[in-house]
2 protein chains.
Amino acid sequence: MNLPNASLPTLTTDVVPFAIRGERLEVLLARQTTGWGLPGGPVGVDEDLDVAARRQLAEQTGLPEVYLEQLYTFGRPNRDPARRMVAVAYFALIPIASGSVGAPVAGDAVRWAAADGLPPLILDHGEIVAVARRRLAAKLLYSTIALQLMPERFTLSELQAVHEIILGEPLDKRNFRKRVLTLECIEATGELARHSGRRPAQLYRAQHPGQVELIR
Amino acid sequence: MNLPNASLPTLTTDVVPFAIRGERLEVLLARQTTGWGLPGGPVGVDEDLDVAARRQLAEQTGLPEVYLEQLYTFGRPNRDPARRMVAVAYFALIPIASGSVGAPVAGDAVRWAAADGLPPLILDHGEIVAVARRRLAAKLLYSTIALQLMPERFTLSELQAVHEIILGEPLDKRNFRKRVLTLECIEATGELARHSGRRPAQLYRAQHPGQVELIR
DNA sequence: TGTAATAGTGTTAAAATGACACTAATATAA
DNA sequence: TTATATTAGTGTCATTTTAACACTATTACA
């Protein structure tokens, strides 16, 4: 059986790459032919969807192995006016040391943008980012997913800040520490973070890096 | 631009139609060319994914308007040995009056099967059903999705039984009633269900039929 | 009229949550 | 060297939520 080409939508993957940079949730955008959008593109023949998403993220942004999760598939017929496109959307979480801005992004083909206050994006990429943000915030409440945004070693204050930024509300320091420590998903390293002009903090690390556990 | 056909995966939607029949969670299967599987098939040119899923469910099973939710997109390269197929999976919830078996299904092209103890299904449809079951059970705990499995009027005992069947564990009657009534998602109709040989029960109805609300 | 069957109803102990304020340790500047 | 600024770190208690638990009410039918 060989259907005519017109009856087959083009299948793409698009990735929402999130990171906490500075004190904000940011998204890494890639310049596409018609404007700024999410890293992504056509799925290869015989290429797994996850593999395609990871490949496109790597090719277009240079980002190495990161946490990746399928989000939703967007297939409204006219989401691309030029031709039928169906996008399997993913989100990625990129660990960045707090105070750092992460690895420099290559050239002017990519740029970081605050998740609040994105520039106009191509197609329905703005909507995809919005769905991804909601999902990320929801998962904070019942999983250890925030650890995927942390560097290898981090302080409890930094972890709390990540939660606060994504949830958009302040959290109680003592309650936060109590909860996260009883979860036993992180462990103290014994090392201290030495900042400037203040008491040094214990450094922690994830007990199961790369894994996201459901809690409650 | 016209890419060669081989580079475009065939896109399908597949639907897991759930219902509570008798005392079990069941799935409505459709006979496909190579064996029993989920209702589904190719997405039409310029057809929305949700529309395609609903159309295929209606065409292959005769089921009318039901609750439908996108589940996950399955795209492992060799999930179909014959050709590259990517399936956007949905699940559907079909309300059936308890004690009834629902509308008769047409001919021998469809059959109900218990979600435990499905026959061997084509491709990865068994896996799709497994993912859908997990999602359904999870959503019971934080949404009013179970109402989509209930007929227009139902008793609290029937609603509790639906929860117990899907969760696979007994629930406390008084705690269940307390919780569901304080949610204010259902209301008493004033009518009574008259069974045989026992006290009649109040009939309730959903306050917002068709809508699923998040709770907690 | 008695029996079988399901409907319907509150209380209490335990656990989880959420609010709340002070001391400790360091770097730096005076 | 000492004072100050800055963040780290720590516990209690009231409130709310959850979970366990058993009896009476109403009907159909024998």
Side-chain angles (χ1 to χ4, degrees), chain A residues 20 22-23 97-100 138 140-144 150-151 153-165 167-205 214-216, chain B residues 20 22-23 97-100 138 140-144 150-151 153-165 167-205 214-216:
Chain A
I20 304 291
E23 303 294 296
S98 87
S100 151
L140 276 197
L141 303 178
Y142 65 90
S143 79
T144 60
M150 308 306 293
R153 319 237 147 163
F154 53 88
T155 69
L156 291 182
S157 296
E158 287 161 2
L159 183 59
Q160 180 177 345
V162 167
H163 279 79
E164 289 174 331
I165 290 165
L167 295 176
E169 63 186 17
L171 300 174
D172 180 87
K173 198 208 291 196
R174 283 175 289 194
N175 293 338
F176 179 81
R177 288 159 117 88
K178 205 188 312 169
R179 189 162 58 82
V180 79
L181 289 175
T182 58
L183 284 180
E184 300 188 343
C185 55
I186 61 174
E187 59 193 1
T189 62
E191 300 161 290
L192 295 179
R194 308 202 143 263
H195 310 276
S196 164
R198 52 194 211 261
R199 175 173 177 179
Q202 270 294 328
L203 283 172
Y204 288 80
R205 70 171 150 244
L214 302 183
I215 57 190
R216 278 204 184 184
Chain B
I20 304 291
E23 302 295 296
S98 88
S100 150
L140 276 197
L141 303 178
Y142 64 90
S143 80
T144 60
M150 307 307 293
R153 319 237 146 161
F154 54 87
T155 70
L156 290 182
S157 297
E158 286 161 1
L159 182 59
Q160 181 177 345
V162 167
H163 279 79
E164 289 174 331
I165 289 165
L167 295 175
E169 63 187 16
L171 300 174
D172 180 88
K173 197 208 290 195
R174 281 174 290 190
N175 292 339
F176 180 81
R177 288 161 117 88
K178 205 187 312 169
R179 189 162 60 80
V180 80
L181 289 175
T182 58
L183 285 179
E184 299 188 344
C185 55
I186 61 175
E187 59 193 3
T189 62
E191 300 162 289
L192 295 180
R194 308 204 143 265
H195 309 277
S196 164
R198 53 193 209 260
R199 176 174 177 179
Q202 271 293 329
L203 283 172
Y204 288 79
R205 70 173 148 242
L214 300 183
I215 57 189
R216 276 209 181 178

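Since the model is a prediction, treat every value here as computed from it, not as a measurement. The chains referred to below are lettered A, B, ... by the order of the sequence lines, with proteins before strands, and numbering in each begins at 1.
- One donor-acceptor pair, N or O on each side, does fall under 3.5 Å between the base of C:dA7 and the side chain of B:Arg199.
- A:Arg194 has a side-chain polar atom (N or O) that falls below the 4.0 Å cut-off from OP1 or OP2 of C:dA27.
- The nearest heavy atom of DNA chain C to A:Arg198 and to A:Lys178 marks one nucleotide each, and the one closer to the 5' end goes with A:Lys178.
- Judged by atom type and distance alone, B:Arg174 reaches the base of D:dA22 through a side-chain donor-acceptor pair under 3.5 Å.
- Close to C:dT17, at under 4.0 Å from its OP1 or OP2, lies no side-chain N or O of A:Arg179.
- One finds the SG atom of A:Cys185 at 11.5 Å from the OH atom of A:Tyr204 (value rounded to the nearest 0.5 Å).
- A:Ser157 has no side-chain polar atom (N or O) that falls below the 4.0 Å cut-off from OP1 or OP2 of D:dT7.
- Between D:dG9, C:dG8, C:dG10, one nucleotide has an atom nearer to the side chain of B:Asn175 than all others, and that is C:dG10.
- In this structure, the separation between CD on B:Glu164 and CG on B:Leu159 is 10.0 Å, given to the nearest 0.5 Å.
- Proximity of A:Ser196 to the phosphate of D:dT6: no side-chain N or O atom is located under 4.0 Å from OP1 or OP2.
- Taking CG from A:Leu141 and CD1 from A:Ile215, the interatomic distance works out to 8.5 Å, rounded to the nearest 0.5 Å.
- Mapping B:Pro200 and A:His195 onto DNA chain D by nearest heavy atom places A:His195 at the nucleotide closer to the 5' end.
- One finds the CD atom of A:Gln202 at 6.0 Å from the OG1 atom of A:Thr189 (value rounded to the nearest 0.5 Å).
- When each of A:Asp172 and B:Arg216 is assigned the nucleotide of DNA chain D bearing its nearest heavy atom, the one mapping closer to the 5' terminus is A:Asp172.
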